[in-house]
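Numbered from 1 within each chain, the chains take letters A, B, ... in sequence-line order.
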2 protein chains.
Amino acid sequence: MKIGQLAKVSGCSIQTIRYYEKEGLLNPPSRSEGNFRLYDEKALKELEFVKHCRSLDIPLIDIKTLLELKNRPEESCSSINDLIAKQLDLVNQRIKELKVLKSELQIMKKACSSDNTVERCGIMKTLEV
Amino acid sequence: MKIGQLAKVSGCSIQTIRYYEKEGLLNPPSRSEGNFRLYDEKALKELEFVKHCRSLDIPLIDIKTLLELKNRPEESCSSINDLIAKQLDLVNQRIKELKVLKSELQIMKKACSSDNTVERCGIMKTLEV
DNA sequence: CATAGACTCTATAGTTGCTATAGGGTCAAG
DNA sequence: CTTGACCCTATAGCAACTATAGAGTCTATG
């Protein structure tokens with residue numbers, strides 16, 4: 001199958017597929033006589049793996065690591081565990097930050113009603129520290 | 001005060017201050033004979049305003065809008081209210097997404113103990129869709 | 001006065017993960 | 001042959017910084 005079809009099936013854009021190939025996340029596929037990329041079922045599976053990892057906010061560099069490990073079945077999977085734990089920490093941290101942010105924004109929202117001028121705006125006063 | 005001092009007092013890096021000036025968030029300050037930027041108390045206040053907005057994840061383009069409004073005290077502050085409401089929505093949305101992500105990662109974390117090989121790794125099996 | 005080190009300047013490139021665009025080639029159907 | 005859909009590579013752009021290169025300024029010290 002050609003890249004457009006792969007894009008359709010995977011839900012990943014053509015440019016992104018090419019980008020992933022360039023970044024080493026996907027293997028360069030075989031080519032047609034016209035130099036079109038030709039993908040098989042294995043390539044689709046690999047792309048879906050990458051895409052799944054991305055949906056977990058795992059950075060590309062770490063996805064590459066996972067892909068390498070995937071090709072070494074006899075190796076210890078402790079680094080996979082570490083990677084997921086790290087990702088979980090980052091997510092927890094970000095949730096915490098966003099909750100603080102949310103509180104601030106909620107307070108600010110209450111500091112002003114719609115019928116003010118800028119100089120009387122409670123939000124603006126808060127922003128001015 | 002020169003830029004290094006402003007950076008120290010504000011907690012904002014020298015490069016970021018220059019970047020904000022370049023992007024139009026801060027006014028170009030006066031210069032010394034040696035062409036060094038010279039900042040006064042007003043400039044510090046303006047930088048702190050920008051920095052506070054950034055801490056709320058407000059994009060620079062919107063901060064510029066807020067700064068413009070700040071210079072128009074007689075204008076209605078409804079757009080300020082809208083901006084904060086929008087920001088709150090974005091934050092709420094992102095929190096929601098991260099919670100889904102967290103759940104997935106927690107499930108994955110439980111799918112594997114440390115003493116496996118890659119081929120037996122529950123996490124890897126999950127990633128493989 | 002000379003020197004050295006701290007500070008400052010502008011310009012440019014890089015980071016991450018895409019996304020868009022330009023200019024040109026391939027392919028199949030009419 | 002023409003046309004339109006698809007494909008190719010290269011490059012630039014996005015957001016918000018951040019780093020680096022090469023050069024100038026300034027102050028304290030010998």
Whether Lys99(B) side chain and Arg94(B) backbone form a donor-acceptor pair below 3.5 Å: no
Contact under 4.0 Å: Thr16(A) side-chain N or O vs dT19(C) OP1/OP2: yes
Donor-acceptor under 3.5 Å (Lys70(B) side chain, Glu128(A) main chain): no
Between dT19(C) (C1') and Lys22(A) (NZ): distance, integer Å: 13 Å
Short side-chain N/O contact from Arg18(B) to OP1 or OP2 of dT12(C), under 4.0 Å: no
d(CD, Glu33(A); C1', dG25(C)) in whole Å: 14 Å
dT8(C) OP1/OP2 closer than 4.0 Å to side-chain N/O of Arg37(B): no
Tyr39(A) OH - dC6(D) C1' separation (whole Å): 14 Å
Side-chain (Gln87(B)) to main-chain (Leu56(B)) donor-acceptor, under 3.5 angstrom: yes
Whole-Å distance separating the CZ atom of Arg54(A) from the P atom of dT19(C): 10 Å
Sugar-phosphate only, base, or nothing, as touched by Ile61(A) at under 4.0 Å among non-hydrogen atoms: nothing
Atom pair CG (Leu38(B)) and OG (Ser32(B)), whose distance is rounded to the nearest 0.5 Å: 5.0 Å
Integer-rounded Å distance: dG17(C) C1' and Tyr19(A) OH: 5 Å
Separation of dC27(C) C1' from Arg31(A) CZ (nearest whole Å): 16 Å
Any donor-acceptor N/O pair under 3.5 Å between dA16(D) base and Glu23(B) side chain: no
Residue whose closest nucleotide on DNA chain C lies nearer the 5' end, Ser32(A) versus Ile58(A): Ile58(A)
Side-chain N,O (Tyr20(A)) to OP1/OP2 (dC18(C)) below 4.0 Å: yes
Spacing of Ile17(B) atom CD1 relative to dT18(D) atom P, expressed in whole Å: 12 Å
Position toward the 5' end of DNA chain D (nearest nucleotide), Ile3(A) or Asp57(B): Ile3(A)
Asn81(A) side-chain N/O to Cys77(A) backbone N/O, donor-acceptor pair under 3.5 Å: yes
Residue mapping more 5' on DNA chain D - nearest nucleotide basis, Gln15(A) or Leu60(B): Gln15(A)
Nearest-angstrom distance from the residue atom NZ of Lys2(A) to P of dG25(C): 18 Å
